[in-house]
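Structure first, commentary second.
Here, residue 1 is the first one in the sequence, and each next residue gets the next number. Model, not experiment: these values are computed from the prediction.
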Amino acid sequence: MKLVTKLYGQVEHLVHEVAKFGLVGLLGLVVDLPIYNWLVFNNPLVLADSGEGMLHHKPLTAKLISTTVATVATYFGNRYWTWKHRERSGLHREYVLFFVLNGIGLLIAAGCLAFSRYVLDLHTWLSDNIAANFIGLGLGTLFRFWSYRKFVFREEIELDEAEHEPTPDSPAELDPETTGDLPAVR
């Protein structure tokens, strides 16, 4: 049991980041899916094929629009919650990098959608959502997590050493060199 606790202690910060990133990504999905399905199938609830939306014959354009709107929401969620403990390198730099890397993630999802639509000749709401929002989004999410951590929200802010050191529970755990006396004020 100690081994499991020790291993978890070593990856605890990563587990928390993955969980937070996943929740922010879920928010992005809640923004992205209804917009895409409304634009392509005239149905934001993703329940069934309701016909043709205003961009039915331009699904890649619809995906670009829905992902761009979702990107704005996910940037703020990731900056101020997922990676709030990481160094801030300037809003402009982070925002531009975030959008560029998110664009690559979009290309991954759009590539899956294009393959489904134009190679496999599948044009249903189910095939579009599986290709773009399940397979493409899944692969894009793996890329985004890695790239955001590596390039956008790069380094963790160094915390004071006192925050990392456990506080002693008893006087016996105190450093023997420490006398416990207060420093003299001159």
Side-chain angles (χ1 to χ4, degrees), residues 11 13-84 86 89-154:
V11 296
H13 70 283
L14 184 61
V15 170
H16 288 216
E17 281 184 354
V18 168
K20 288 178 177 181
F21 181 79
L23 288 173
V24 170
L26 188 59
L27 167 69
L29 185 64
V30 166
V31 172
D32 187 342
L33 270 178
I35 293 172
Y36 176 80
N37 282 287
W38 173 66
L39 290 172
V40 176
F41 300 107
N42 201 27
N43 182 357
L45 299 178
V46 197
L47 296 176
D49 189 349
S50 298
E52 295 185 6
M54 64 181 94
L55 293 176
H56 185 75
H57 299 292
K58 295 185 177 188
L60 299 178
T61 303
K63 190 66 186 158
L64 173 71
I65 293 168
S66 66
T67 300
T68 301
V69 174
T71 297
V72 173
T74 58
Y75 171 78
F76 289 105
N78 281 313
R79 167 72 282 173
Y80 296 105
W81 190 49
T82 305
W83 287 298
K84 70 179 178 184
R86 292 189 171 240
S89 59
L91 179 65
H92 183 265
R93 179 200 162 278
E94 285 179 0
Y95 204 65
V96 168
L97 264 176
F98 190 87
F99 261 88
V100 167
L101 295 171
N102 204 60
I104 295 170
L106 166 63
L107 289 175
I108 293 169
C112 293
L113 177 61
F115 183 79
S116 171
R117 275 275 179 136
Y118 304 118
V119 174
L120 300 178
D121 201 31
L122 302 172
H123 298 272
T124 67
W125 69 274
L126 184 60
S127 62
D128 274 11
N129 280 288
I130 288 173
N133 300 316
F134 182 71
I135 297 170
L137 185 66
L139 294 173
T141 297
L142 292 173
F143 169 77
R144 285 178 182 105
F145 181 76
W146 170 79
S147 64
Y148 295 167
R149 257 183 127 238
K150 179 133 180 100
F151 301 111
V152 182
F153 310 114
R154 293 183 303 192

Considering non-hydrogen atoms only, spot the tightest contact between [X] and [Y] and give its length.
X    : Y    : value
A110 : L60  : O-CD2, 3.6 Å
R93  : V152 : NH1-O, 3.4 Å
N102 : R144 : OD1-NE, 2.6 Å
P59  : V40  : CA-CG2, 4.1 Å

All pairs passing salt bridge (Lys or Arg N to Asp or Glu O under 4.0 Å) where [range] contributes a residue, at least two apart:
range            : answer
residues 118-128 : R117-D128
residues 101-110 : none
residues 57-69   : D32-K63
residues 95-106  : none

[Y] and [X], any side-chain heavy atoms less than 4.5 Å apart:
X    : Y    : answer
L39  : M54  : yes
L27  : T74  : no
F143 : I104 : yes
T124 : F41  : no
H56  : H123 : no
E94  : L97  : no

Measuring from atom [atom1] of [X] to atom [atom2] of [Y], what distance do you get when rounded to the nearest 0.5 angstrom?
X    : Y    : atom1 : atom2 : result
N129 : L113 : CG    : CG    : 9.0 Å
L122 : I130 : CG    : CD1   : 9.5 Å
F145 : N78  : CZ    : CG    : 9.5 Å
I108 : L139 : CD1   : CG    : 6.5 Å
L33  : L137 : CG    : CG    : 8.0 Å
L106 : T67  : CG    : OG1   : 4.5 Å

* To do: Could you pull out all residues at least two apart from F151 that satisfy ring-ring contact (aromatic ring centres under 6.0 Å, His included)?
  => W146

* **Pairs where residues 93-122 contributes a residue and the test ring pair (Phe, Tyr, Trp, His ring centres under 6.0 Å) is met, not counting sequence neighbours** => Y75-Y95, Y75-F98, Y95-F99, F98-Y148

* Asked: Does the S116 side chain pair with the main chain of C112, one donor and one acceptor, at a distance under 3.5 Å?
  -> no

